[in-house]
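What follows is one structure encoded as structure tokens, with my remarks underneath.
Numbered from 1 within each chain, the chains take letters A, B, ... in sequence-line order.
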Amino acid sequence: MPELPEVETVRRGLHDLILKRRVASVWHDNPKSFPNAEHDVAGFLIDSEIIDVRRRAKILLIDLSTDYTLVIHLKMTGQLVFVADTVRFGAGHPNDSLVHALPDKSTHVSFEFKDGSHLYFNDQRKFGWVKLIPTLEVPDIDFMKKVGPEPLEADFTASEFAARFARRSKTSIKAALLDQTVVAGVGNIYADESLWGARIHPKRLVSSITKKEFEDLYTDLREVMNLAIAKGGSSNHTYINAEGKKGSYMDFARVFRREGLECPRCGTTIIKFRAAGRGTHICPNCQKI
DNA sequence: CACTTGACCTGTCCGC
DNA sequence: TGCGGACAGGTCAAGT
């Protein structure tokens with residue numbers, strides 16, 4: 001599900017909602033969703049206090065006062081939703097946008113805090129996971145060692161962006177954009193949206209992309225991701241933020257999931273096909289091979 | 001090493 | 001209404 005803007009939206013919400021709360025208990029129903037040693041849970045999660053909520057690429061990092069960290073990947077359908085009160089729902093309640101109370105059948109991990117509030121990890125497809133790891137060991141995780149730079153960092157430049165693609169020169173630009181070791185956090189939505197912005201066909205070989213095109217792609221990727229964060233991310237039927245609310249970026253999408261509609265730049269009908277193994281949307285007039 | 005494909009799961013939608 | 005197949009915002013382990 002979530003790409004960088006959605007994970008960042010969840011991070012910001014969690015930061016406001018769970019900082020300084022103390023963990024009372026944890027429940028799970030699936031070892032793949034929560035594959036942690038019992039003695040670590042008992043010794044370093046229970047009774048710990050949330051001291052920070054960070055993000056790297058599409059991974060959330062919830063730091064605990066015990067020098068352990070909850071490392072969380074939402075994959076396709078994961079959600080982290082904070083619920084202050086599981087009893088009363090309805091108009092005016094902070095979670096009134098939820099169509100039903102949590103936990104539900106997709107809840108696979110649940111944290112209860114000392115004040116009675118809960119953090120639910122819901123995951124329809126069970127690809128996501130929550131791992132409890134010593135904070136100092138987080139950088140040693142294989143993914144963390146190989147993941148590329150954060151594209152929205154102020155000191156990340158267009159020339160650095162272009163240089164990252166060097167070792168993926170024989171694949172398509174879309175496959176390379178989706179490769180987390182090239183640049184962190186890009187997924188299917190923002191790959192299509194940024195390629196449309198830069199007028200690049202997703203099947204173009206990386207080796208054929210000009211310096212100017214890399215500069216345009218860099219600029220548009222940052223613009224589109226910053227806009228998406230400002231709009232609270234993109235929501236399909238599975239994505240909601242930490243308060244249970246949907247994001248509105250899809251109201252601003254130019255090509256993603258808009259096949260059959262007009263290109264907002266030239267009016268040509270947007271088409272969908274497969275590229276890099278993923279559903280891919282382009283304007284066939286603006287983006288040519 | 002670089003690249004592509006299948007697998008991991010569950011739910012939904014679309015055509016017969 | 002039922003059934004089969006494709007597909008869904010991600011990544012990893014295999015295969016070539």
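Comparing His237(A) and Ser172(A), the nucleotide of DNA chain B nearest to each residue sits closer to the 5' end for Ser172(A).
Ring pair Phe34(A)/Phe111(A) is perpendicular by interplanar angle, where above 60° counts as perpendicular and below 30° as parallel. Relative orientation of the Phe161(A) and Phe165(A) rings is perpendicular, given thresholds of 30° and 60° on the angle between their planes. Between Tyr218(A) and Phe156(A), the ring planes are tilted. Angles from 30° to 60° get that label.
Residues Phe113(A) and Ile50(A) meet the side-chain proximity criterion, which asks for heavy atoms closer than 4.5 Å.
For the residue pair His281(A) / Asp192(A), a side-chain donor-acceptor distance below 3.5 Å is found, with atom types taken as modelled. Judged by distance alone, the side chains of Arg167(A) and Thr181(A) do bring a donor and an acceptor atom under 3.5 Å apart.
Residue-level contact check: Gly128(A) touches neither bases nor backbone, having no heavy atom under 4.0 Å from any strand. Residue-level contact check: Thr171(A) touches the backbone only, with heavy atoms under 4.0 Å from sugar-phosphate atoms and none from bases. Residue contacts for Tyr190(A): at a heavy-atom cut-off of 4.0 Å it reaches no nucleic acid atom on any strand shown. Counting any heavy atom pair closer than 4.0 Å across all strands shown, Ser106(A) reaches no nucleic acid atom.
Under 4.0 angstrom from either OP1 or OP2 of dC8(B) there lies no side-chain N or O belonging to Lys75(A). Contact annotation: Lys272(A) reaches the phosphate of dA8(C) (side-chain N/O to OP1 or OP2, under 4.0 Å). Distances shorter than 4.0 Å separate some side-chain N or O of Lys58(A) from OP1 or OP2 on dG10(C). In this structure, Lys105(A) reaches the dG11(B) phosphate: one of its side-chain N or O atoms is under 4.0 Å from OP1 or OP2.
Taking the six-membered ring wherever Trp is involved, the centroid distance between the rings of His201(A) and Phe273(A) falls below 6.0 Å.
When distances are taken from the side chain of Lys32(A) to each of dT11(C), dG10(C), dC8(B), the shortest belongs to dC8(B). Comparing dT11(C), dC9(B), dG10(C) by their closest approach to the side chain of Phe143(A) singles out dT11(C). For Arg167(A), whose side chain is taken as the heavy atoms from C-beta onward, the closest listed nucleotide among dA8(C), dG11(B), dA2(B) is dA2(B). For Arg278(A), whose side chain is taken as the heavy atoms from C-beta onward, the closest listed nucleotide among dG10(C), dT10(B), dT11(C) is dG10(C). Nearest to the side chain of Arg168(A), among dC9(B), dG10(C), dC3(B), sits dC3(B). Among the nucleotides dG10(C), dC12(C), dC9(B), the one closest to any side-chain atom of Arg125(A) is dC9(B).
The CG atom of Asp29(A) sits 13 Å away from the C1' atom of dC9(B) (whole-angstrom rounding). In this structure, the CG atom of Leu177(A) is 14 Å from the P atom of dC3(B), given to the nearest Å. Protein atom CD of Gln124(A) is 15 Å distant from nucleotide atom P of dG10(C), rounded to whole Å. Nucleotide dC13(B) holds its C1' atom 13 Å from the CD atom of Glu259(A), rounded to whole Å. Taking atom CH2 of residue Trp129(A) and atom C1' of nucleotide dC8(B), one finds them 14 Å apart after rounding to whole Å. In this structure, Lys170(A) atom NZ and dT16(C) atom P are separated by 18 Å, rounded to whole Å. Summarising the geometry, the separation between CD on Gln79(A) and P on dA8(C) is reported as 19 Å, rounded to the nearest angstrom. What separates NZ of Lys174(A) from P of dT5(B) is a distance of 15 Å, to the nearest Å.
A gap of 15 Å separates the P atoms of dA14(C) and dC9(B), to the nearest Å. Comparing dG6(B) with dG5(C), their P atoms sit 16 Å apart, to the nearest whole Å.
Nucleotide dC13(B) forms a pair with dG5(C), judged by Watson-Crick or G-U wobble geometry with both contacts under 3.5 Å.
The ring of Phe127(A) lies on top of the base of dC8(B), close enough and flat enough: under 5.5 Å between centres, under 30° between planes.
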